[in-house]
Amino acid sequence: MSGAEDNYRVSSDRPFLLVLAVLGGSYLFLIAAMVVADLIFLDYRDRPVFGPEIVEASRYPGDASGVKITLESSRRYYYQGGRNELGFRMGGNLIKKDGVFDAVEEEVLLVSETPEGAVTASFRPEVRVVGIQLHEGVATLRMDLPHGLLWGEFIRVRDSGSEFWDGVHEITDTTQDELSFVVGEQSKIVNALSLSRPNPLIQALRSRDIQFSIKLSLVSCTVTTLLSLWVAIPIGYLMSRFTFRGKAFVDTLLDIPVVLPPLVVGLSLLILFRYVPDWLSDAVVYKWPAVVLAQFMVACAFAVRTMRVTFDQISQRYEQVALTLGCNRQQAFWRVVLPQARGGVLAAGTLAWARALGEFGPILVFAGATRQKTEVLPTSAFLELQAGRTEGMLAVSLIMIATAALVFVVARTFGMKRIFS
Amino acid sequence: MIAVDNLSIRQGDFLLDGVSLELSDGEYGVLMGRSGCGKTTVLEAICGLRPIIGGRILLGGRDVSVLPPAERGIGYVPQDGALFPDMPVWEQLAFSMLIRKIPKSQVEARVRELAKDLGITHLLERLPVGLSGGERQRVALGRALAVKPRFLCMDEPLSALDEDILEEICELFTQTIKKENVTALHITHSKAEAARLGDTLFHLVGGQLQKVGPNEE
């Protein structure tokens, strides 16, 4: 028998650990890659103000000679190659990289390696300011080409030599080749300036709509979190400590907001508010309370789960001792149980806050997407996307990532303090 | 006097029926029995932490069967001490007095007295985390005795202790309990512990309580 045992070997643990590491690692990699991709995709530099596209729709000739593009020398152009282009030839050099360049010749040659293919490159001239006017504190600039900027966008002014002019301004009026912005009554006319478009992040942070949505998001998420804890702590305690008839039913009911599609939550709220008195539904539906209520319905369910698990993990023994020491149940809860549940309360709060920040569907249905009224950050991202501004959407997403990260860091720091004290 | 008269307790499918027990004032009773035989259930019923379905519990002649635990005047030392994790030792000792809003000077004096008797004066500012098993049990005993209850229920308070300090803690427990003049009921599954501590021994076998009689050393 002992001889047989001597020959007994177990196979190595390495394959098992390797599988664990690969499975876990791939997910971790995806998380990190996702955030990093967001961060590096956005071009944080200012970009010049460009005029309209100057390449006409055409095809490359069969003999690989290329397509001639006529430029104005001594103007700057923005080149972006497409899928059919190798680059363009200027002054004997083949330039392959996308970006801004100074035209040194009147003519450049687009080169392709696919004869007869469509021209997919883009050349856009930088617009120049040809006239500066000042009238009652409002500057109006005239350009030599259509600038494509819209009312409400932001423009950065440089090199004017005046502190009133330099800086980021909101565009208050535009025509095809003119744009206006406020520089203030005290400012004087300047002779020259250069323009650039600030990056989408600055555009987003300066936009009054998005400023409002950041504020509404922060306030509504915080209110939602406080409400959720207010409700989740008692429910969690009740469900953890007491048995009563219909407990299983209550438990199921509490999970409904978790499993219900968020859009349906919004719709159900909307329908519910058809049955309440008019003054109440007028005060809530399509107004900011609807935002909070929509967030609360979903976020609270997660907080309740967390609080229940928290209380389940705290032994009843502590309360029992407190009871024999002279407490009633309420005193035992406040003095003995709740202090031990601090970590759980923090976790539940953070979870509720994060859920509320990302809530979109129910808010869209129940509160609408009115700018300056019920617009929260996810709504902003959605509106940016709808307006075709992917970069704007990304900028809003980055703001959300930053906000969420900040809240988590703060929560973790407080959590750590408790562990290390 | 602790008197349990024909007590019935249900715990899930498990029924304890007709449990009777009597301890006169100042007596140190030890309740023995195998794990899972219901010792803890009886103790919890006496402390008021478990509802009873029949019988009576008399403490010092007063029927406490339906009183909340707080009003029974029993000190309770659970198995692992169950020290409140967020409170320093002095606050654990002061807990029952703070609840009763006893003046601060009296609380301080009592905490100091208990700490001195139990040899934990140097631990007063510490949190329970990091205390040794013996230290935890001393704090738990001090906490239970703080408001001078006349009765004390202990659930295997010494079972988790190392052999080499057991003697010392046993000595300390008996001394303190004698000094405080409480009637104590102590649960254990260890015969050696029972022999060392108890005046009176009870055996809980098959849901029936048998008095083994005064402990003869």
Side-chain angles (χ1 to χ4, degrees), chain A residues 229 233 236-248 306-349 411-421, chain B residues 12 40 43-51 59 64 67-88 91-102 126-129 136 139-149 151-157:
Chain A
L229 289 177
I233 292 174
Y237 186 64
L238 218 69
M239 295 299 286
S240 165
R241 289 296 189 263
F242 298 93
T243 47
F244 49 88
R245 203 176 301 173
K247 188 175 174 182
T306 313
M307 283 325 297
R308 171 154 188 201
V309 173
T310 302
F311 288 126
D312 278 345
Q313 281 169 351
I314 298 172
S315 165
Q316 291 216 40
R317 201 51 91 188
Y318 299 112
E319 283 148 277
Q320 294 181 333
V321 170
L323 291 182
T324 64
L325 289 174
C327 289
N328 58 23
R329 278 210 161 262
Q330 188 187 343
Q331 287 169 317
F333 176 78
W334 284 107
R335 283 169 176 259
V336 175
V337 183
L338 205 55
Q340 290 186 59
R342 267 188 313 199
V345 172
L346 202 69
R412 278 283 164 94
T413 314
F414 277 108
M416 287 295 177
K417 251 187 208 154
R418 176 171 178 259
I419 291 163
F420 289 126
S421 66
Chain B
T40 300
L43 200 75
E44 286 178 351
I46 296 174
C47 291
L49 301 172
R50 188 173 287 286
L59 294 177
V64 298
L67 288 183
E71 294 175 14
R72 295 193 181 196
I74 303 181
Y76 173 52
V77 180
Q79 195 160 9
D80 48 5
L83 301 183
F84 305 136
D86 300 276
M87 284 181 205
E91 200 181 339
Q92 316 247 2
L93 296 180
F95 188 87
S96 54
M97 297 180 277
L98 296 177
I99 288 286
R100 287 168 174 76
K101 299 196 169 65
I102 289 172
R126 292 261 300 268
L127 284 173
V129 60
R136 301 179 77 88
V139 177
L141 180 65
R143 181 180 61 182
L145 292 174
V147 282
K148 304 191 175 172
F151 311 98
L152 183 66
C153 284
M154 293 175 283
D155 190 354
E156 308 225 11

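Both backbone and side-chain heavy atoms feed into the values below; hydrogens, waters and symmetry mates do not. Note that the coordinates shown come from a computational prediction; the quantities given were computed from them, not determined experimentally. Letters A, B, ... are given to chains in the order of the sequence lines, protein chains preceding strands, and every chain is numbered from 1.
We find the CD-CD1 distance between A:Gln331 and B:Ile99 to be 4.5 Å, quoted to the nearest 0.5 Å. Rounded to the nearest 0.5 Å, atoms CZ (B:Phe151) and OG1 (A:Thr324) are 14.5 Å apart. Here B:Asp155 contributes atom CG and A:Arg317 contributes atom CZ; the two are 6.0 Å apart, rounded to the nearest 0.5 Å. With values rounded to the nearest 0.5 angstrom, A:Leu323 atom CG is found 12.5 Å from B:Ile74 atom CD1.
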Mind running side-chain contact (heavy atoms from CB on, under 4.5 Å) on B:Asp86 and A:Arg342 for me, showing each step along the way? CA-CA 10 Å; B:Asp86 300 276; A:Arg342 267 188 313 199; 3.3 Å; yes
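Neither the backbone nor the side chain of B:Arg72 comes within less than 4.5 Å of any heavy atom of chain A. In this structure, chain B has heavy atoms under 4.5 Å from both the backbone and the side chain of A:Arg335. Only the side chain of B:Met87 comes within less than 4.5 Å of a heavy atom of chain A; its backbone N, CA, C and O stay farther away. Of the atoms belonging to B:Ala146, not a single heavy atom falls under 4.5 Å from chain A. When heavy atoms are compared at a cutoff of 4.5 Å, A:Gln320 approaches chain B by way of both its backbone and its side chain. Looking at A:Ala322, both its backbone and its side chain come within 4.5 Å of chain B, counting heavy atoms on both sides. Looking at B:Glu71, neither its backbone nor its side chain comes within 4.5 Å of chain A, counting heavy atoms on both sides.
Contact check for B:Phe95 versus A:Val321: no side-chain heavy atoms found under the 4.5 Å cut-off.
Interface summary for chain A: among B:Ala82, B:Pro68, B:Ala144, B:Cys153, the most heavy-atom pairs under 4.5 angstrom belong to B:Ala82.
Minimum heavy-atom separation, A:Cys327 to B:Ala70: O-CB, 3.6 Å. Scanning both residues, B:Phe84 and A:Tyr318, for their nearest heavy atoms gives CE2-O, 3.4 Å.
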